[in-house]
There are 2 protein chains.
Amino acid sequence: MRLTDTEWQLMNCLWEKHPATARGIAGRLPPEIKWAYTTIRTLLARLVDKGAVREYKEGNTSLYEPILTRENARKSALKTLVNQAFDGAYGPLMHFLVNDPNLTPQQRQALEEALKEQPEKRGGKENGGDNQ
Amino acid sequence: MRLTDTEWQLMNCLWEKHPATARGIAGRLPPEIKWAYTTIRTLLARLVDKGAVREYKEGNTSLYEPILTRENARKSALKTLVNQAFDGAYGPLMHFLVNDPNLTPQQRQALEEALKEQPEKRGGKENGGDNQ
DNA sequence: TGACTCTTACTACGATTGTAGTAAACTATG
DNA sequence: CATAGTTTACTACAATCGTAGTAAGAGTCA
């Protein structure tokens, strides 16, 4: 399951607190984001369509709840990144992270040790369907 | 500089070998990708527009060369991922990677040690303009 | 030089994404 | 109940993305 930029924003709010109303989500968005109420509704509807979010009614009002877990969304995003930018293997990503000049030499050392046996591919399914 | 899926494909070919013709790139794409020659040209033109690639002529034929470095593209992609999915901090990403069940216990141990002092934010510019 | 083949330049077109607007239905309140 | 604010349902629309097609010019070879 790929999420777009705006979908990540909403999902982050939903993972933080759910179920939530559109209005509630609006309140929990980072302050620099000022979306129209209907924008949020549109994006939520798309997430429902994709199966990432469940919608149900309480009286007249829609409540939303994540179906996709944060864990699975992260896995999936990482897998995409690794495929696009790191030859499809986690090793190169790790190496790239390890070469971050902000790491202290000790940190780098320890990480490099750990990487010596880092398996190249992460096994398992991207998203096992059971993402509750 | 954000790259789309297809743009990553082309850039990966270009980083591998450049300068390159559109035809040459076609030959270096992974075998499961079968794009029309004109598709590749269109995508390259968009990359040139974005300033990720330089195009110059040899006789009648266009040669392409990356301007954006792989390093910078990776940095940028990682920053996007971290912002979307890991609260904008590298620490949580590292933790997520460390909790990969495919790591051996020793690897996990070493990584966790290293992470104890992992700074949350990576400093420096996303893309310093000097991406030659 | 005529017939092919390759390359270029330009255009196209549906799907997705970001960002709403409007009208109608619902709800709460004086 | 009349009015005002809230929520819904539906529609819109430009930009970007994936994926080409076509026509015309250039190079190549018999």
Side-chain angles (χ1 to χ4, degrees), chain A residues 1-14 19-65 68 73 76-77 80-81 83-85, chain B residues 1-14 19-65 68 73 76-77 80-81 83-85:
Chain A
M1 173 97 56
R2 295 278 284 273
L3 299 176
T4 68
D5 285 12
T6 54
E7 288 171 345
W8 275 104
Q9 294 292 343
L10 294 190
M11 291 306 286
N12 283 332
C13 292
L14 270 182
T21 63
R23 195 77 53 197
I25 291 170
R28 243 167 288 107
L29 283 169
E32 69 275 18
I33 294 186
K34 294 187 220 313
W35 284 333
Y37 175 77
T38 51
T39 299
I40 297 177
R41 292 301 307 279
T42 301
L43 295 174
L44 282 168
R46 288 179 187 166
L47 282 166
V48 170
D49 275 354
K50 294 173 74 166
V53 165
R54 166 177 31 245
E55 174 180 12
Y56 60 93
K57 294 278 189 176
E58 186 159 286
N60 185 43
T61 304
S62 283
L63 292 184
Y64 298 91
E65 214 166 37
L68 178 67
S76 182
T80 296
L81 176 74
N83 281 330
Q84 284 177 331
Chain B
M1 173 95 58
R2 293 279 281 275
L3 299 177
T4 66
D5 286 11
T6 54
E7 288 170 347
W8 274 104
Q9 294 292 344
L10 293 190
M11 291 306 288
N12 283 331
C13 292
L14 270 180
T21 62
R23 199 62 70 184
I25 291 171
R28 244 168 287 106
L29 283 169
E32 68 274 19
I33 294 185
K34 295 184 220 312
W35 285 332
Y37 175 78
T38 50
T39 299
I40 297 176
R41 293 300 308 278
T42 301
L43 295 174
L44 282 168
R46 288 179 187 166
L47 282 166
V48 170
D49 276 354
K50 294 174 75 165
V53 165
R54 167 177 30 243
E55 174 179 12
Y56 60 93
K57 294 279 189 175
E58 187 160 284
N60 184 43
T61 303
S62 284
L63 292 184
Y64 298 91
E65 214 165 39
L68 177 67
S76 184
T80 296
L81 176 73
N83 281 330
Q84 284 177 333

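Below, read A as the first sequence line, B as the second, and so on, with proteins coming before strands; counting in each chain starts at 1. Fair warning: this is a prediction, and the values are worked out from it, not measured in the lab.
- For A:I40 and C:dT19, the CD1 to C1' distance is 11 Å, given to the nearest whole Å.
- Of all heavy-atom pairs spanning A:L3 and A:K50, the tightest one is CA-NZ, 4.1 Å.
- Counting any heavy atom pair closer than 4.0 Å across all strands shown, B:S62 reaches sugar-phosphate atoms only and no base atom.
- Regarding contacts with the backbone of C:dT7, a side-chain N or O of B:R23 is found under 4.0 angstrom from either OP1 or OP2.
- Closest-nucleotide positions on DNA chain C for B:R46 and B:T38 were compared, and the one nearer the 5' end corresponds to B:T38.
- The side chain of B:R41 places an N or O atom within less than 4.0 Å of a non-bridging phosphate oxygen (OP1 or OP2) of C:dT8.
- In this structure, CG of A:L44 is placed 15 Å from P of C:dT19, rounded to the nearest angstrom.
- The side chain of A:Y37 lies closest to D:dT8 when the candidates are D:dT19, C:dT8, D:dT8.
- Checked for salt-bridge contact, A:E7 and A:R2 miss the test: no charged N lies under 4.0 Å from a carboxylate O.
- For D:dA26, neither phosphate oxygen OP1 nor OP2 lies less than 4.0 angstrom from any side-chain nitrogen or oxygen of B:K57.
- Summarising the geometry, the separation between CG on A:L43 and P on C:dG21 is reported as 14 Å, rounded to the nearest angstrom.
- Scanning residues 4-12 of chain A for heavy-atom distances under 4.0 Å to DNA chain D yields an empty list.
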